[in-house]
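To start, the structure itself, in structure tokens.
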Protein chains: 2
Amino acid sequence: MTDPAAPTDIPAADLPAKSRREQIHDVASRLFSERGYHATSMRDLAGELGMQGGSLYAHISGKEDLLIEIVNRAARQFDAALFTLRDVPLAADQKLREAMQRHIRVVADNMESATVFFHEWKHLSPGAYAQVTNWRDTIDAFYRDLVMQGIREGVFRADLDVKMAANLILSAVNWAYTWYRPGGNLTPRDVAEGYADMLLLGLRAPVPQEASS
Amino acid sequence: MTDPAAPTDIPAADLPAKSRREQIHDVASRLFSERGYHATSMRDLAGELGMQGGSLYAHISGKEDLLIEIVNRAARQFDAALFTLRDVPLAADQKLREAMQRHIRVVADNMESATVFFHEWKHLSPGAYAQVTNWRDTIDAFYRDLVMQGIREGVFRADLDVKMAANLILSAVNWAYTWYRPGGNLTPRDVAEGYADMLLLGLRAPVPQEASS
DNA sequence: CCTACCGATCGGTAGG
DNA sequence: CCTACCGATCGGTAGG
């Protein structure tokens, strides 16, 4: 009948068998990002997975642990993307391009957990909350160091306010979680390159040099 | 006894008598911004005002009406700040400076309601939700028009992607709600001027023109 | 993973 | 603005 070599009962390559734990994590990311942490009930979550509310507790220890894991995993993705860049010998403008590209890619590839990360971390209990604020400080420091490097090397304007420049860069890459649409016509790379061009060169047209024609 | 002209029993100028309705609105803005809409109970709210949960309903008609009013009031502030600027005859770069200053001022002067606005509008029921998305579109359009004006006038680079430029500007002014601290050493004007300088001129140091000394 | 249940708390109302 | 209450729903557990 059908080709005996056809692997019809093997999961498609893009659908590797996910552990139940992983499925719960994914659905929680989606629901928390769409409705918010407190507006999502454990029964909502269980319903989407075709099980009863109480059954979730065979796989997880509590609602907050789900939030902690989503937030921590997002934080680790940003870490992995940026900190390998710290000591790469690139000029500051090139390093900024690369950092923005990686940063935006993490946001774009994880829109749901990024949204949870930015909106729901305030609802963590003190321990996990403190971890996130510390993490945020290290990301801020990464971009401030990058700006300082650029000034030191003469690649960036000497009169930049380091903190404000870092804030401006962070605004651009973080705010993407509010408007980026993964299926659209802009890749994360397009956004990062466009943003980096505008940030590095400015919006204003260059003053026309007296043309020597 | 005391100077009869001294208005000692008149509320201080900075503490005008606020209606109970207004007090509820203020406390709700604070609690919703700190804890989120769904994590704030009507009893929390009443407790901060020294009353019982049920008593709130003598002044308001429901929890969501509070959220709607906070969000709508914030939207109206942005409107009032930006739309009076639409037809002002300023060059695009100057208009951008002014718009950013006004936009950031609205955020800075209303940190709590701005936070509620950006985080909680998704929890509105369909009618109010649609109003907010429409409003967001008009703000986007304002900045896109501004960028287009600048390109048309030759003030901005001709190769700008209008949508991305508008997004970058919006990122800068909106993200301020996450880090600005009203008591700090930066006024909204400082932030707006610094951001506008960086956006207009770029972070990169000008290429050294062969000095004609 | 289900059934059945726990105490706690929710937004909101009735009647005063 | 309070007391007392409503039905609904919450996160989580026991026992299987």
Side-chain angles (χ1 to χ4, degrees), chain A residues 11 17-72 113 116 119-129, chain B residues 11 17-72 113 116 119-129:
Chain A
K18 284 196 177 176
S19 71
R20 208 60 167 147
R21 189 95 178 39
E22 204 61 25
Q23 293 176 34
I24 295 172
H25 174 95
D26 289 351
V27 176
S29 292
R30 180 163 55 82
L31 294 186
F32 289 176
S33 73
E34 288 171 0
R35 313 179 187 178
Y37 174 67
H38 280 107
T40 303
S41 76
M42 297 306 272
R43 284 160 180 83
D44 291 339
L45 189 52
E48 298 256 340
L49 290 154
M51 53 168 93
Q52 299 299 317
S55 307
L56 286 170
Y57 293 86
H59 301 96
I60 60 164
S61 60
K63 192 183 185 185
E64 192 182 359
D65 290 285
L66 272 177
L67 179 58
I68 290 176
E69 204 193 321
I70 294 168
V71 167
N72 281 349
S113 34
V116 176
H119 276 196
E120 312 295 340
W121 68 279
K122 284 199 174 182
H123 301 135
L124 291 168
S125 45
Y129 183 96
Chain B
K18 284 195 177 177
S19 71
R20 209 57 168 150
R21 189 91 178 41
E22 205 61 25
Q23 293 176 35
I24 294 172
H25 174 95
D26 289 351
V27 175
S29 293
R30 181 163 54 81
L31 294 187
F32 289 176
S33 72
E34 288 171 0
R35 313 179 188 178
Y37 174 67
H38 281 107
T40 303
S41 75
M42 298 307 272
R43 285 160 180 83
D44 291 339
L45 189 52
E48 297 256 341
L49 290 155
M51 53 169 94
Q52 299 299 316
S55 306
L56 286 170
Y57 293 85
H59 300 96
I60 60 164
S61 60
K63 192 184 184 184
E64 191 182 357
D65 290 286
L66 273 177
L67 179 57
I68 289 175
E69 204 194 321
I70 294 169
V71 167
N72 280 348
S113 33
V116 175
H119 276 197
E120 313 294 340
W121 69 279
K122 285 199 175 183
H123 301 136
L124 290 167
S125 45
Y129 182 97

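Below, chains carry the letters A, B, ... as their sequence lines are ordered, and counting in each starts from 1. Being a predicted model, the structure only gives us computed values, none of them experimental. Computation of the quantities below employed the complete heavy-atom set of this structure, encompassing side-chain atoms and omitting hydrogens, waters and symmetry-equivalent molecules.
- Separation of atoms NZ (A/Lys18) and CD (A/Gln23) is listed at 8.0 Å; rounding is to 0.5 Å.
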Dump the pairs, protein N or O against N or O of nucleotides 3-8 of chain C, anything under 3.5 Å, distances to one decimal.
none

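- Considering only side-chain N and O atoms, B/Tyr57 lies nowhere under 4.0 angstrom from the phosphate OP1 or OP2 of C/dT13.
- Every residue two or more places apart in sequence or in another chain was checked for a side chain to side chain donor-acceptor pair (under 3.5 Å) with A/Glu34, and none qualifies.
- Evaluation of the ring pair (Phe, Tyr, Trp, His ring centres under 6.0 Å) rule for B/His123 yields B/His38 as partners, not counting sequence neighbours.
- B/Glu64 meets the side-chain contact (heavy atoms from CB on, under 4.5 Å) test with B/Tyr37, B/Ile68, B/Leu124, B/Ser125; sequence neighbours excluded.
- Residue A/Ser41 places no side-chain N or O under 4.0 Å from the OP1 or OP2 atom of D/dT9.
- Residues of residues 58-68 of chain B having a heavy atom closer than 4.0 Å to DNA chain C, listed by number: B/Gly62, B/Lys63.
- Of the listed nucleotides (D/dC1, D/dG12, C/dC1), C/dC1 has the atom at the smallest distance from the side chain of A/Arg20.
- The distance from atom NE2 of A/His38 to atom P of C/dC10 is 11 Å, rounded to the nearest whole Å.
- At whole-Å resolution of the value, NE2 in B/His123 and P in C/dG11 are 14 Å apart.
- For B/Leu45 and C/dT9, the CG to P distance is 18 Å, given to the nearest whole Å.
- Taking A/Tyr57 as the reference, nothing meets the ring pair (Phe, Tyr, Trp, His ring centres under 6.0 Å) condition, with sequence neighbours excluded.
- Rounded to an integer number of Å, the gap from A/Leu56 CG to D/dT13 P is 12 Å.
- Protein atom CG of B/Leu31 is 12 Å distant from nucleotide atom P of C/dG11, rounded to whole Å.
- Atom pair A/Met42:CE and D/dG12:C1' shows a separation of 9 Å (rounding to whole Å applied).
- Both key distances under 3.5 Å define a Watson-Crick or G-U pair, and stretches of 3 or more such consecutive pairs in DNA chain C run C:1-16 with D:1-16.
- Scanning for side chain to side chain donor-acceptor pair (under 3.5 Å) contacts around B/Ser19 gives an empty result, with sequence neighbours left out.
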List the atom pairs, with distances to 0.1 Å, where a side-chain N or O of residues 39-50 of chain B and a protein N or O form a donor-acceptor pair under 3.5 Å, not counting sequence neighbours.
unit_1, atom_1, unit_2, atom_2, d
B/Thr40, OG1, B/Leu31, O, 3.4
B/Thr40, OG1, B/Gly36, O, 2.8
B/Ser41, OG, B/Arg43, N, 3.3
B/Ser41, OG, B/Asp44, N, 2.9
B/Ser41, OG, B/Asp44, OD1, 3.3
B/Ser41, OG, B/Asp44, OD2, 3.3
B/Asp44, OD2, B/Arg35, NH1, 3.2
B/Asp44, OD2, B/Ser41, N, 3.1
B/Glu48, OE1, B/Arg30, NH2, 2.7

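- We find that CG of B/Leu49 is positioned 15 Å from C1' of D/dC2, with the value rounded to whole Å.
- In this view, B/Gln52 satisfies the side chain to side chain donor-acceptor pair (under 3.5 Å) rule with no residue, not counting sequence neighbours.
- Partners of A/His119 according to the side chain to side chain donor-acceptor pair (under 3.5 Å) rule, which considers only residues two or more places apart in sequence or in another chain, are A/Tyr177.
- In this structure, the separation between CD1 on A/Ile60 and CG on A/Asp65 is 7.5 Å, given to the nearest 0.5 Å.
- B/Ser113 pairs by the side-chain contact (heavy atoms from CB on, under 4.5 Å) definition with B/Ser29, B/Ile70, B/Asn110, not counting sequence neighbours.
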